[in-house]
Enquirer: 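First the structure, which I've put down as structure tokens, then a few questions once you've had a look.
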Amino acid sequence: ETGVTQTPRHLVMGMTNKKSLKCEQHLGHNAMYWYKQSAKKPLELMFVYNFKEQTENNSVPSRFSPECPNSSHLFLHLHTLQPEDSALYLCASSQDQTRKETQYFGPGTRLLVL
Amino acid sequence: GQQLNQSPQSMFIQEGEDVSMNCTSSSIFNTWLWYKQDPGEGPVLLIALYKAGELTSNGRLTAQFGITRKDSFLNISASIPSDVGIYFCAGLETSGSRLTFGEGTQLTVNP
């Protein structure tokens with residue numbers, strides 16, 4: 001238990017569906033991150049939020065839409081995804097974005113796009 | 001962007017054996033990190049290294065920050081079945097702006 005929870009843990013969706021991934025951290029951190037983890041590939045940073053403001057978007061397609069209503073919650077809204085978007089989506093948090101070396105990861109959401 | 005070369009990609013060992021894995025980069029990093037990911041879980045930080053030449057232990061795990069600041073090593077001594085998982089290295093650039101991950105080493109320990 002790292003203090004970062006993610007729901008759902010597994011998700012299967014069609015290419016026309018709309019779904020959302022949720023992340024919540026109970027660590028009092030101010031930075032939150034979304035990563036994509038595909039098999040045999042390094043973790044890919046998608047988005048960074050610091051004190052609720054988006055500070056990084058690493059050329060992520062617009063079919064992924066993040067939302068950070070407060071420092072404890074982070075969402076990833078999914079719309080018209082492609083099969084190649086199937087992956088493990090990991091959320092992480094750190095004290096703030098200058099403390100990237102001490103990120104705590106959630107267990108991830110395993111996403112399958114059909 | 002930055003790339004880390006992590007090797008080996010996978011290892012199959014017998015319980016009790018020692019394990020070594022490493023990461024190399026073409027660029028200099030200020031910080032090296034080693035994570036372990038158990039099946040169905042997110043990565044968990046094992047060891048953080050902040051100085052060139054630094055050698056740090058965490059139980060049976062020992063990691064070193066290479067002198068050139070372009071590589072790092074992780075050793076696991078006397079492996080046990082619960083060491084099974086994927087081990088990732090990660091490097092933090094000198095600017096501190098980007099954490100780059102290796103591709104991971106899948107470790108299997110046979111009892």
Side-chain angles (χ1 to χ4, degrees), chain A residues 1-11 21-27 29 31-48 50 55-60 74 87-111, chain B residues 1-11 21 23-27 29-51 54 56 58 63 65 69 72 85-107:
Chain A
E1 179 60 49
T2 62
V4 181
T5 59
Q6 291 187 242
T7 56
R9 294 294 306 274
H10 298 87
L11 179 62
L21 310 184
K22 179 182 176 182
C23 175
E24 183 174 0
Q25 56 93 4
H26 310 273
L27 301 168
H29 288 167
M32 296 188 78
Y33 310 78
W34 279 118
Y35 286 88
K36 176 183 179 183
Q37 186 178 28
S38 304
K40 309 286 188 189
K41 292 177 67 175
L43 271 68
E44 300 172 50
L45 179 64
M46 300 174 71
F47 302 103
V48 180
N50 196 45
T55 56
E56 284 190 50
N57 175 342
N58 288 303
S59 304
V60 180
L74 185 65
L88 182 68
Y89 288 86
L90 291 164
C91 172
S93 71
S94 65
Q95 188 59 48
D96 57 61
Q97 69 172 9
T98 66
R99 301 301 308 275
K100 290 187 174 68
E101 74 274 20
T102 50
Q103 291 182 41
Y104 291 79
F105 286 85
T109 295
R110 175 71 61 185
L111 174 66
Chain B
Q2 297 281 10
Q3 282 194 320
L4 292 184
N5 296 311
Q6 185 171 350
S7 65
Q9 287 189 350
S10 61
M11 301 183 75
M21 59 192 78
C23 274
T24 59
S25 168
S26 57
S27 302
F29 287 115
N30 259 1
T31 301
W32 281 96
L33 307 168
W34 285 93
Y35 292 86
K36 182 192 179 193
Q37 186 174 22
D38 290 326
E41 300 296 331
V44 174
L45 182 66
L46 299 173
I47 294 178
L49 303 159
Y50 298 101
K51 283 175 54 177
E54 181 180 350
T56 298
N58 178 3
F65 193 140
R69 296 170 65 190
S72 180
I86 304 176
Y87 291 80
F88 291 97
C89 63
L92 191 60
E93 296 173 2
T94 51
S95 65
S97 63
R98 179 64 58 89
L99 194 59
T100 302
F101 286 84
E103 294 179 350
T105 295
Q106 173 74 61
L107 178 64

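By convention in this document, chain letters (A, B, ...) are assigned in the order of the sequence lines, proteins followed by strands, and residues within each chain are numbered from 1.
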Enquirer: List the atom of F101(B), the atom of P42(A), and the distance in Å for their closest heavy-atom pair.
Expert: O-CB, 3.3 Å

Enquirer: At their closest point, which heavy atom of G42(B) faces which heavy atom of L90(A), and how far apart are they?
Expert: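 G42(B) and L90(A) have their closest heavy atoms at CA-CD2, 3.9 Å.
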
Enquirer: Please round to the nearest 0.5 Å and tell me the distance separating atom OH of Y35(A) and atom CG of L99(B).
Expert: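 It comes to 5.0 Å.
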
Enquirer: For F47(A), is the CZ atom crowded, meaning more than 12 foreign heavy atoms sit under 6.0 Å from it?
Expert: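 Yes, CZ of F47(A) has more than 12 neighbouring heavy atoms, counting only those of other groups under 6.0 Å.
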
Enquirer: Are Q37(A) and F88(B) side-chain neighbours, meaning at least one heavy-atom pair lies under 4.5 Å?
Expert: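 The answer is yes, as the side chains (C-beta and beyond) meet within the 4.5 Å cut-off.
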
Enquirer: Given heavy-atom pairs under 4.5 angstrom as the criterion, report whether the side chain, backbone, both or neither of E56(A) touches chain B.
Expert: side chain

Enquirer: Who pairs with T102(A) by side-chain contact (heavy atoms from CB on, under 4.5 Å), at least two apart in sequence or on another chain?
Expert: R99(A)

Enquirer: Who passes salt bridge (Lys or Arg N to Asp or Glu O under 4.0 Å) against E44(A), sequence neighbours left out?
Expert: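 Here the qualifying residues are K41(A).
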
Enquirer: Go through the atoms of Q6(B) and report whether side chain, backbone, both or neither lie under 4.5 Å from a heavy atom of chain A.
Expert: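 Neither part; nothing is under 4.5 Å.
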
